[in-house]
> 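Can you read through this structure? Questions will come right after.
Here is how names work: the chains are called A, B, and so on, in the same order as the sequence lines, proteins then strands, and each is numbered from 1.
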Amino acid sequence: MKPRPIVGRALWQTLAMWMLPTLLFLMTAGLVLTVKSLREVADSAYDRSLAGAIRAIDLRISTESGGIGIELPYPLFESFQATADGEVLFRVSTSDGLVQIGDALLPPPPALRTGQIAFYNASYFGKSIRVGAFMRPLDPPLYGATEGQNLIIEVAETTGSREAFLRTVMERTMLRDMGAVIAASLLLALGLHAGLKPLRALRERLDRRSSDDLRQVDPAGLPREVQPLVQSLNRLVDRHRLQGEAQRRFIEDASHQLKTPLAVLNAQIDLAAQSDDPARMREILNAMREITGRSARMTSQLLSLAQARNAVLWGDGVHDPVAVPEILDAVVRLQIGPARQRRILLEVEADDTMPQIRAPEDMLFEAISNLVDNAVRASPRGGRVILAAHRTNAATLIEVRDFGPGMPPDLLQRFAAGQRFVSSARATSGGSGLGLAIVQQIMRSMGGSLTLANGTDGGFSATLNIPDQKLKAN
Amino acid sequence: MRLLLVEDDHELAGWLVQNLVQRGIQVDWADDGRTAESRALSEDFDVILLDLGLPSVSGAQLLAKLKAGGNDTPVLVMTARDTLAQRVALLRDGADDFMGKPLAIEELEARLHALIRRSHGRARGIFSCGPLTYDQAGQRFTLDGQSLSFSPREHAVLRLLIQKQGDPLSKQQILDRLVSMESDLNPEAVEVIVHRLRKKLGEAAIQIVTLRGVGYLLEAEGELS
């Protein structure tokens, strides 16, 4: 069982993660700014009516009697109070504090400049109030005053109504913003749903396909963003189909290879059935055994070839390090029996201290074993087969050398031209000629190569070139 | 010779039995792993001929069970899938020999006899290779019936070689096994010992083959191993 693949974050989560915090931030900032400017606007509007009240009081102040006389503008106050929806307070005083008319308990004003109205917030018995204050010189000064006096007029109102106004505005803004967020989320969900619809349709189309349907996926009608995906998918499908075809060709080749000996056997049986001579019969039977032996070997080689191909298809390319001299030693021990039957010497030339290489041990063993098998078959009785390994800059070379008759030049040329090996002239003495095809396939799976050459003074050498595996970053 | 054939394919089994019986071998046949197991444990066979692809209990499982249970009847495994990984697994599980299918009866017979000879010899402590015989109990070598005398080192090396027939022994392997005897041995000393052994074996139909880069192999002349 493979571990479950780690599923990436859902698309809507990613989008929401980016979108919602940004939206919320923008809306909060907008709200803060709105409230700030609204407060300013509200203050200036309300302050104007405070200023109006101050001027009305100011006009009604008389000092002709030597004291201060005020005729309070009650109708104004009433209408003012009605619009302000709260309490209205006032105080008229002199700057030296000798005269105070109105609410004496209003907090003292800050430093004022004559002729200008100042507005400020203050607190009156726990209630927050807005105060407008105006100062002007008294001319003439009051009776008994020793120096010039200033008159201060303060008008205050409770801020309940403007707070209520602000609250209403804030609530509405927040409601509107919340609505916008919800609408955006809905739009996001809808958009995702609609945007992914072609993908779902594509998936359904693929799911509905029969398992052997390797036609290309039609990209028509799919959004532009999905086109590259479809193209990749089609390339994959193509590779799959090519591999399937290769597989079918392989099976055809294989069944052809197996049919031929069966046909030979059939002919031999027919011949034997006609023969009355026991000696002739025995001769035919011996010939038949040779055929079965050869096809048995061929079958197992076909199996190896299929395995080597599978290794190319399914291998993950990550291997443990293996020691080449140890593999050579193991191959020799496996092949020593057949070799010694014909008194052939197997020799190894390898430095035990050579660095280990990263390669699929089974496959490498199979490749070398096939080369040695070929070499033993090609060697004359009492011959010699040498397995040698050495290093070059960034590769390991493994050579199997025999002192047999070598390979016909036209076959070598065909090999150099990159032709597939299906059968070869080395298929004599029981070989099917598939051995080299297996080795080639294995070398391809390892990114290496197989080089064949006849020796200058006779014999044959097959060399595996295995490049050092680059460490993959995965 | 009494043989237990474990093979589920009735056609192949039928022909194999006929062939083996014709060659004077007494054959009992079991067509599934469970029967084979109980028979192998309760009866006395000289050798078991085991097919790997069996229903219910696989051949490999059966082999592992038998060997784990200490049954020392030699087992020759017949296999259709003749891959390296399988060979390695079979040897690890204790198969004494294996042959790929289809098998030639003559080769099968030769191997069966060799297996039985080896297992009987091992049981009695007698190892032989062509004309050379080693009696473990008496610690004695005889060549063509003539007693041979060796120095302790020569004796030890030749004993290793005859006990490991068919498998080359490297100098290092020989040194590792002799190190308990002597500590001043080096690879050159092994060469000298082998040289002396060759001299003493002389013209007999047996030889110590040098496989350069691999090791030494004791081998009877004319023998098909």
Side-chain angles (χ1 to χ4, degrees), chain A residues 261 285-286 288-304 306-308 325-352 360-370 382 384-389 438, chain B residues 12 15 19 52-53 78-92 97-108 110-111 114 129-130 161 164-173 187 205-225:
Chain A
L285 283 176
N286 277 335
M288 286 174 75
R289 172 166 304 153
E290 215 166 89
I291 300 291
T292 52
R294 198 188 305 168
S295 29
R297 191 172 117 78
M298 194 172 64
T299 317
S300 62
Q301 284 192 323
L302 283 172
L303 191 70
S304 303
Q307 272 166 349
E326 279 175 25
I327 295 188
L328 295 186
D329 195 70
V331 171
V332 165
R333 283 169 199 276
L334 189 74
Q335 299 279 355
I336 194 77
R340 290 311 294 167
Q341 273 185 23
R342 295 181 43 237
R343 293 291 178 257
I344 291 163
L345 284 175
L346 300 182
E347 299 181 345
V348 172
E349 290 171 2
D351 184 358
D352 279 340
E361 190 177 6
D362 277 21
M363 289 287 125
L364 191 55
F365 188 99
E366 190 74 35
I368 301 169
S369 195
N370 268 292
R384 208 153 61 103
V385 172
I386 299 169
L387 291 72
I438 296 171
Chain B
L12 177 58
W15 288 104
N19 259 303
L52 275 193
M78 301 182 282
T79 162
R81 273 192 292 282
D82 188 13
T83 64
L84 167 74
Q86 200 180 35
R87 286 179 191 205
V88 171
L90 281 176
L91 287 179
R92 191 195 53 219
D97 201 355
F98 46 86
M99 283 182 78
K101 278 181 181 176
L103 11 87
I105 288 296
E106 267 143 23
E107 193 185 349
L108 175 63
R111 293 221 196 174
C129 178
L161 285 172
K164 282 285 229 173
Q165 276 178 69
D167 198 16
L169 271 174
S170 70
K171 281 177 201 163
Q172 194 54 50
Q173 284 171 316
I206 186 161
Q207 58 171 335
I208 300 170
V209 180
T210 306
L211 301 169
R212 198 163 52 88
V214 185
Y216 298 107
L217 186 68
L218 185 69
E219 190 176 82
E221 265 162 41
E223 181 194 304
L224 292 179
S225 62

> Any non-hydrogen side-chain atom of A:Ile336 less than 4.5 Å from a side-chain atom of B:Leu211?
yes

> Could you tell me the separation between the CZ atom of B:Arg212 and the CD1 atom of A:Ile386, rounded to the nearest 0.5 Å?
5.5 Å

> Where on B:Gln207 is there a heavy atom nearer than 4.5 Å to chain A: the side chain, the backbone, both, or neither?
side chain

> State which residues pass side chain to side chain donor-acceptor pair (under 3.5 Å) with A:Gln335; sequence neighbours excluded, sorted by chain then number.
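For A:Gln335, the residues satisfying side chain to side chain donor-acceptor pair (under 3.5 Å) (neighbours in sequence not counted) are A:Ser369.
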
> Is A:Arg333 reaching over with its side chain to a backbone N or O of B:Pro168, donor-acceptor style, under 3.5 angstrom?
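Flag set: sc A:Arg333 to bb B:Pro168 pair under 3.5 Å.
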
> For A:Leu387, is it the side chain, the backbone, both, or neither that has a heavy atom closer than 4.5 Å to a heavy atom of chain B?
neither

> Return the minimal non-hydrogen interatomic distance between B:Val214 and A:Asp329, and the atom names on each side.
CG1-OD1, 3.8 Å

> Once side chain to side chain donor-acceptor pair (under 3.5 Å) is applied, do any residues pair with A:Arg289, and if so which ones, sequence neighbours excluded?
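Per chain and number, A:Arg289 pairs via side chain to side chain donor-acceptor pair (under 3.5 Å) with B:Glu106.
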
> If I measure from the heavy atoms of chain A, does B:Val209 come under 4.5 Å with its side chain, its backbone, both, or neither?
side chain

